[in-house]
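Let me begin by presenting the structure, written as structure tokens, before commenting on it.
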Amino acid sequence: MEREIVSSREELAQYVKALQEDLVANSGNWENVTLKFYFEALATYIQNVHKFYEHNHIQIDAEQPSWGCFGWCSYL
């Protein structure tokens, strides 16, 4: 499942599960392999997400939480 198509609670749960399975199988390809690094990246991403959306022409309002926004945030 692609992070761009997360549009419901169930899809987000499936997406996060797939991320967890990929981390277990391919941890060498992950930048944030510990919770410490993940939470640091998550906080930085949330603080700057509006700039990311603008730069990449993504039509998500960073001020309005959505399942799609959570999908993007989980991919750190």
Side-chain angles (χ1 to χ4, degrees):
M1 175 179 296
E2 296 294 322
R3 61 185 168 192
E4 293 89 352
I5 61 170
V6 172
S7 61
S8 71
R9 180 179 51 84
E10 184 58 35
E11 287 177 352
L12 180 61
Q14 291 172 4
Y15 180 66
V16 170
K17 180 66 175 168
L19 288 175
Q20 185 265 338
E21 290 169 356
D22 187 67
L23 175 62
V24 170
N26 302 299
S27 63
N29 296 330
W30 281 64
E31 183 174 344
N32 299 305
V33 295
T34 68
L35 283 176
K36 177 186 182 300
F37 293 136
Y38 179 80
F39 285 135
E40 287 174 0
L42 181 60
T44 300
Y45 182 85
I46 291 169
Q47 289 173 328
N48 296 295
V49 69
H50 63 288
K51 295 175 189 175
F52 175 80
Y53 290 156
E54 289 172 9
H55 178 76
N56 291 287
H57 309 287
I58 298 169
Q59 299 299 316
I60 297 177
D61 183 353
E63 297 303 319
Q64 296 296 319
S66 68
W67 294 117
C69 181
F70 283 118
W72 277 96
C73 289
S74 64
Y75 186 76
L76 297 173

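For the numbers below, each heavy atom of this structure counts, side chains included, while hydrogens, waters and symmetry mates do not.
Taking all atoms of both residues into account, the shortest heavy-atom contact from Asn32 to Ala41 is ND2-CB, 3.5 Å.
Listed by chain and number, the residues in a side chain to side chain donor-acceptor pair (under 3.5 Å) with Ser7 are Glu11 (sequence neighbours excluded). The side chain to side chain donor-acceptor pair (under 3.5 Å) search around Asn26 returns Asp22, not counting sequence neighbours. Lys36 pairs by the side chain to side chain donor-acceptor pair (under 3.5 Å) definition with Glu40, not counting sequence neighbours.
Atom-to-atom distance recorded for Phe37:CZ and Trp30:CH2 is 15.0 Å, nearest 0.5 angstrom. The structure places CD of Glu54 at 10.5 Å from CD of Gln59, a figure rounded to the nearest 0.5 Å. Within the model, atoms CD of Glu10 and CH2 of Trp67 stand 10.5 Å from one another, a figure rounded to the nearest 0.5 Å. Note that the CD1 atom of Ile46 and the CZ atom of Phe52 stand 13.5 Å from one another [nearest 0.5 Å].
Enclosure of atom CD in Glu63 is not indicated, since only 12 or fewer non-hydrogen atoms of other residues, nucleotides or ligands lie within 6.0 angstrom. Atom OH of Tyr53 has more than 12 heavy atoms from other residues, nucleotides or ligands within 6.0 Å.
When hydrophobic clusters are built by joining Ile, Leu, Val, Met, Phe, Trp and Tyr residues whose side-chain heavy atoms come closer than 4.5 Å, directly or via intermediates, Leu19 is grouped together with Val33.
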